[in-house]
Amino acid sequence: MQASRARLFKEYKEVQREKVADPDIQLVCDDSNIFKWTALIKGPSETPYEGGVFQLAFSVPEQYPLQPPQVRFLTKIFHPNVHFKTGEICLDILKNAWSPAWTLQSVCRAIIALMAHPEPDSPLNCDSGNLLRSGDVRGFQSMAKMYTRLAAMPKKG
């Protein structure tokens, strides 16, 4: 557990330095628990998520970095690789392709990349995956844009 605390503390210091360097990711450690983090990520440009800000919750195991963190979307998102109700993310690096070389910051980068390049063949959201698999890109994009507007954009007024 000491090793994981030391690693997380190192990542925390790195995040403080990188705040300006990476404007798409805002990673914050819980004040009272170094194993709980949240992130705000910006939707990638030229995607239906553009303009949205999505909140992620990280639960870091005591065996970190030997085991991956559990990450889920707190913001509703219409995406084939994200469970619509729970926010669970289907991403290989969070499962069997994890490596201790990954950091919480690089996990956020990978999630942003997944948002830009969905994998409809392994869907957690079947409605979303089916739209893409059947070639209805326009239908998928309009649903994804609608949910981005409803859940991930600041309310006007």
Side-chain angles (χ1 to χ4, degrees), residues 4 7-8 11-12 14-15 17-30 35-61 63-154:
S4 58
R7 165 72 181 259
L8 286 168
E11 286 191 38
Y12 175 79
E14 203 121 308
V15 164
R17 272 199 305 274
E18 299 249 332
K19 269 188 179 150
V20 181
D22 200 340
D24 294 342
I25 300 169
Q26 188 181 341
L27 202 50
V28 180
C29 177
D30 183 295
F35 295 100
K36 298 279 181 220
W37 294 63
T38 56
L40 293 174
I41 59 173
K42 289 185 181 168
S45 59
E46 297 176 30
T47 72
Y49 312 109
E50 184 174 9
V53 176
F54 299 83
Q55 188 175 17
L56 303 172
F58 284 76
S59 181
V60 183
Q63 296 79 15
Y64 182 81
L66 300 177
Q67 285 184 356
Q70 286 185 312
V71 189
R72 64 187 184 90
F73 275 88
L74 294 177
T75 307
K76 286 273 182 247
I77 182 172
F78 188 76
H79 188 285
N81 309 112
V82 180
H83 191 284
F84 190 73
K85 284 192 167 64
T86 65
E88 178 192 348
I89 303 165
C90 181
L91 183 60
D92 60 352
I93 62 150
L94 295 175
K95 310 264 186 293
N96 55 350
W98 174 256
S99 157
W102 287 91
T103 64
L104 300 182
Q105 184 92 2
S106 60
V107 167
C108 288
R109 275 263 142 251
I111 292 170
I112 292 171
L114 181 69
M115 289 169 76
H117 306 284
E119 294 287 340
D121 292 330
S122 62
L124 279 173
N125 178 332
C126 291
D127 294 336
S128 174
N130 289 341
L131 283 171
L132 285 173
R133 280 203 306 257
S134 70
D136 190 357
V137 175
R138 196 166 159 201
F140 162 75
Q141 288 186 336
S142 69
M143 289 292 288
K145 274 184 187 153
M146 181 188 76
Y147 278 105
T148 299
R149 267 198 312 275
L150 288 173
M153 289 183 164

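Keep in mind that what you see is a predicted model, and the values were worked out from it rather than measured.
At a threshold of 4.5 Å between non-hydrogen side-chain atoms, the residues Glu50 and Pro44 do not count as touching. Looking at heavy atoms from C-beta onward, Lys42 lies out of side-chain contact with Ile112 at the 4.5 angstrom threshold. Annotation: side chain of Arg109 is in contact with side chain of Asp22 (closest heavy-atom distance under 4.5 Å). Contact check for Val15 versus Gln105: side-chain heavy atoms found under the 4.5 Å cut-off. For the pair Trp98/Pro69, a side-chain contact is recorded, criterion being any heavy-atom separation below 4.5 Å from C-beta on. The side-chain heavy atoms of Leu132 and Val137, taken from C-beta on, include a pair separated by under 4.5 Å. Residues Leu8 and Leu104 meet the side-chain proximity criterion, which asks for heavy atoms closer than 4.5 Å. Between Met115 and Val82 the shortest side-chain heavy-atom distance does not fall below 4.5 Å.
Side chain of Asn81 to backbone of Leu91: no donor-acceptor contact under 3.5 angstrom is found. No side-chain donor-acceptor contact under 3.5 Å links Asp92 to the backbone of Ala97. Proximity of a side-chain donor or acceptor of His79 to a complementary backbone N or O of Leu114 within less than 3.5 Å is detected.
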Worked verdict on Phe35 versus Tyr64 for side-chain contact (heavy atoms from CB on, under 4.5 Å): CA-CA 9 Å; Phe35 295 100; Tyr64 182 81; 5.7 Å; no
Glu14 vs Thr103, test: side-chain contact (heavy atoms from CB on, under 4.5 Å). Steps then yes/no. CA-CA 10 Å; Glu14 203 121 308; Thr103 64; 6.0 Å; no
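Ring geometry for Phe140 against Tyr49 counts as perpendicular: the plane angle is over 60°, on a 0 to 90° scale with 30° as the lower cut. In this structure, Phe73 and Phe54 have perpendicular ring planes: the angle between them is above 60°, well past the 30° mark.
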